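Naming: A, B, ... by sequence-line order, numbering from 1 per chain. Just so you know, these numbers use all the heavy atoms, side chains as well, and skip hydrogens, waters and symmetry mates. Since we're looking at a predicted model, the values are computed, not measured.
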Amino acid sequence: MSSRKLVSTIYDHQIPQTIRSSLHWAQTKSTHLSPPFLPKPPSFLATNIIKSYFEKWQMKEAQLLFDEMPNRDVVAWTAMISGYTSCNFHKRAWTVFCEMTRDSINVVPNEYTFSSVLKACKGMKSHFCGSLVHSLVIKYAMPGCIYVENVLLDMYSTCCESMDEASMLFEEISSKNAVSWTTLIAGYTHQGDGHGALRVFRKMLLEEAEMNPFCISIAVRACASIGSYMYGKQIHAAVVKHGFQTNIPVMNSMLDMYCRCSSLGEADDCFYGMAEKDLITWNTLISGYEKTYPNESLNIYARMESEGIAPNCFTFTSILAAVANLAVLSFGEQVHGAIIQRGFGGNLELDNALIDMYAKCGNIMDSRKTFDQMSSKNLVSWTSMIIGYGSHGYGKEAVELFDEMVESGAMPDQIVFMAVLSACSHAGLVEEGLRYFRSMAGDYKINPEQQIYGCVVDLLGRAGRVEEAYELIRSMPVMPDETVWAVFLGACKMHKRPDLGKLAVSRVLELRPGIAGTYITLSNLYAADGNWVEFAAARKLMRRLGNKKETGRSWVELQNQIYCFVSGDKVGTHIEWVYAVLDKLVQHIKDVGFVPDIDDFLHDLDMDNLVHDLEVGT
DNA sequence: CTAGGGTTAG
């Protein structure tokens, strides 16, 4: 319906069903006006209709009506700005604001206008627009209004790289309220500075500001982000004290906190203690179990379905991650089917999770198919695909995809560089990898982090260029951490360089003592040298640590059955089939000229037992 | 006509 017709229907009292409710609302608000419809429709009536259009996401209708309003006051303008913002059309909201300022003879923005447009700036992540509005706020002598101050705070928190501007502004607010505190804490948390967030939260407690569920839930989220079980537990006590245990968002973030602090038992307690749960509650538990117990994660999902709760995109991304961890292709395909069936096909995050799932389940073709069919891609999409190629040994494809990504205009980050570097490393594309490494600082002004150095050390090390890898470590602008040395250690081991290897071991032990694997490698280095005294000493040290290297497991999926086995397995379901397949594989790799490295195997099994026998004196 | 919280992917 055109707005002209709409206006005439208002005159004719033929109110369409769609706007009857809002009109009714307007009438009850205007009982002092008699008759209810003035010769010209009062601005507030049209404004309320505009508002109700936006609530139904009917932006065209709202705009049409606004365009035909004879007297557009500040309230109508603000309704347009806030309406577009609430529909996530932030740029459009900004344009409306600009139009409004051009009409400044007839209309002057007020605190409502500034609040709305600042929210749009936040949505656009535009520090430029935001500070422009800030200057207008000052010009119109608007500071002092707590609504405007709080949304300015929020805008600076989201649009700035650091929290400096926001916290400065916060200090200047004379009458801070609970919203101001919550906004500041949320700002720190969302920027990944959990410690900063908790510092502010502590200050808030000391100043005895009003405590409410909003603030608690974001503080708990801060605990979760830094993995602080101690603080999380303390805030849990405060939650009980304030009687917030029935608040679902509070308990959801509490649940998430326990999951991220790997206290799944307490997460369970939270979950079962909740009288009321919502979809986020279930999703949080499913995603909490996904990393460590993917099996259990799927069980929880099954329980959720049996209780008649419908999953959403969040649910399915966690489920796909669980399936990817389990690497069970047949299950992954079923989940993919369910996703399409429920109408979640084409969701960006889900497609990214599908790429990852198919790659980890060994079906790189379907990863690529998913990737190609995506209508829009983000960095994660490209990275997932490159990691998939890399782990399948398709270095050339990974490199090509990276170049294609750059051509498409996407801005690479550390992680996607790690992906392409590790793909180069596994495929032996040393020169290509080094070129990418140099381009990071050269073309993209990215300072490589430790993990990038780890990748390049691996790249050189695998290719046998151990000396160059060592030189790279020595030339690093930051102190190499234990992960870099550990990678280097692997290269020393692979290319039989006990001299540099022992150096690497001592660095790893200095920086991160207590990892059994380091001692194993050290002892193997001595074994390769024939130095059995040192070998035994290293093994002894390791045994004293008491922590064992996690057993590596392998499994094959055959006709919808999973057959799981470990090295040296003698028992298991159809273990003889496993060995039959294994024999064929070994024959095949021998045929293509591969010589397996059995050094570790010998030391780990036979020599270790020998040392043990010597120790106990048998 | 205006402000703050909880679950997803590399």
(request) Give the nucleotide from the list B:dA3, B:dT7, B:dG10 with an atom nearest to the side chain of A:L379. (result) B:dG10

(request) Provide, to the nearest angstrom, the distance between the CE atom belonging to A:M385 and the P atom belonging to B:dA9. (result) 19 Å

(request) For A:Y188 and B:dG4, give me the distance from atom OH to atom C1', rounded to whole Å. (result) 16 Å

(request) Just compare B:dG4, B:dT7, B:dC1 and give me whichever is closest to any side-chain atom of A:T78. (result) B:dC1

(message) For B:dG5, does the base pair up with any side-chain atom of A:S217 as donor and acceptor (N or O, under 3.5 Å, distance only)?
(response) yes

(request) Please confirm whether the backbone N or O of A:I355 pairs with a side-chain atom of A:S367, one donor and one acceptor, at under 3.5 Å? (result) yes

(message) Consider ring pair (Phe, Tyr, Trp, His ring centres under 6.0 Å). Of A:Y444, A:F437, A:W382, A:Y453, which one does A:F417 pass it with?
(response) A:Y444

(request) For B:dT2, take OP1 and OP2 only and decide whether either is under 4.0 Å from a side-chain N or O of A:K119. (result) no

(request) Provide, to the nearest angstrom, the distance between the CD atom belonging to A:E290 and the P atom belonging to B:dA9. (result) 7 Å

(request) Could you check A:E207 against A:K176 for salt bridge (Lys or Arg N to Asp or Glu O under 4.0 Å), going step by step and ending with a plain yes or no? (result) CA-CA 11 Å; A:E207 294 190 14; A:K176 307 170 178 73; 5.7 Å; no

(request) Evaluate the ring planes of A:F89 and A:Y84, with Trp represented by its six-membered ring, and classify them as parallel (under 30°), tilted (30 to 60°) or perpendicular (over 60°). (result) tilted

(message) Heavy atoms from C-beta onward define the side chain here; which of B:dG10, B:dT7, B:dC1 lies closest to that of A:V416?
(response) B:dG10

(request) Can you figure out which of B:dT2, B:dT8, B:dG4 approaches the side chain of A:D154 most closely? (result) B:dG4

(request) Scan A:N312 against the nucleic acid and name what it touches under 4.0 Å (heavy atoms): base, sugar-phosphate only, or nothing. (result) nothing

(message) What's the closest nucleotide to the side chain of A:T284 if the choices are B:dG4, B:dT7, B:dT2?
(response) B:dT7

(message) Using a 5.5 Å cut-off between ring centres and planes within 30 degrees, is A:Y147 stacked on the base of B:dA3?
(response) no

(message) From CD of A:E55 over to C1' of B:dC1, roughly how many Å is that when rounded to an integer?
(response) 12 Å

(request) Hey, can you tell me if A:F271 and A:W282 have their rings parallel, tilted or perpendicular (30° and 60° cut-offs)? (result) perpendicular

(request) Could you work out which one of B:dG5, B:dG10, B:dC1 sits closest to the side chain of A:A186? (result) B:dG5

(message) Does A:I386 reach a base, just sugar-phosphate, or nothing at all? Heavy atoms under 4.0 Å.
(response) nothing

(message) Side chain of A:V179 only, heavy atoms from C-beta on: which candidate in B:dT2, B:dA3, B:dT7 is closest?
(response) B:dA3

(message) Just to be sure I understand the rule, does A:I218 reach a base, reach only the sugar-phosphate, or reach nothing, if contact means heavy atoms closer than 4.0 Å?
(response) sugar-phosphate

(request) Rounded to the nearest angstrom, tell me the gap between atom OH in A:Y289 and atom P in B:dT8. (result) 16 Å

(message) Can you tell me which nucleotide in B:dT7, B:dA3, B:dC1 comes closest to the side chain of A:F314?
(response) B:dT7

(request) Remember a base hit wins even if backbone is also touched, and classify A:A178 as base, sugar-phosphate or nothing at under 4.0 Å, heavy atoms. (result) base

(request) Would you please name every residue forming a side chain to side chain contact (heavy atoms under 4.5 Å, CB included) with A:M274, sequence neighbours left out? (result) A:I248, A:M251, A:N252, A:K277, A:T281

(message) What's the closest nucleotide to the side chain of A:D256 if the choices are B:dT7, B:dC1, B:dG4?
(response) B:dT7

(request) Measure from CG on A:L118 to P on B:dT2 and round the result to the nearest Å. (result) 14 Å

(message) Mind checking if A:D73 touches a base, just sugar-phosphate, or nothing, with heavy atoms under 4.0 Å?
(response) nothing

(request) Have a look at A:V250 and say if it touches a base, only the backbone sugar-phosphate, or nothing, with a 4.0 Å heavy-atom cut-off. (result) base

(message) Taking donor-acceptor contacts at under 3.5 Å, does the side chain of A:T383 reach the base of B:dG10?
(response) yes

(message) Under 4.0 Å, counting only non-hydrogen atoms across every strand here, what does A:N347 touch: a base, just sugar-phosphate, or nothing?
(response) nothing

(request) Would you mind reading off the distance between A:E349 atom CD and B:dA9 atom P, rounded to a whole angstrom? (result) 10 Å

(request) Please list all pairs passing the salt bridge (Lys or Arg N to Asp or Glu O under 4.0 Å) test where one or both residues lie in residues 192-201 of chain A, with sequence neighbours left out. (result) none

(request) Taking only the side-chain heavy atoms of A:I146 (C-beta and beyond), determine which of B:dA3, B:dC1, B:dT7 contains the nearest atom. (result) B:dA3

(request) Quickly work out the A:I387 CD1 to B:dG10 C1' distance and round it to whole Å. (result) 5 Å

(message) Should the side chain of A:N247 and the base of B:dG5 be counted as holding a donor-acceptor pair, with the cut-off at 3.5 Å?
(response) yes

(message) Categorize A:R72 for me: base, sugar-phosphate, or nothing, with a 4.0 angstrom heavy-atom threshold over every strand shown.
(response) nothing

(request) Would you mind classifying the nucleic acid contact of A:D351 as base, sugar-phosphate or nothing, using non-hydrogen atoms under 4.0 angstrom? (result) nothing

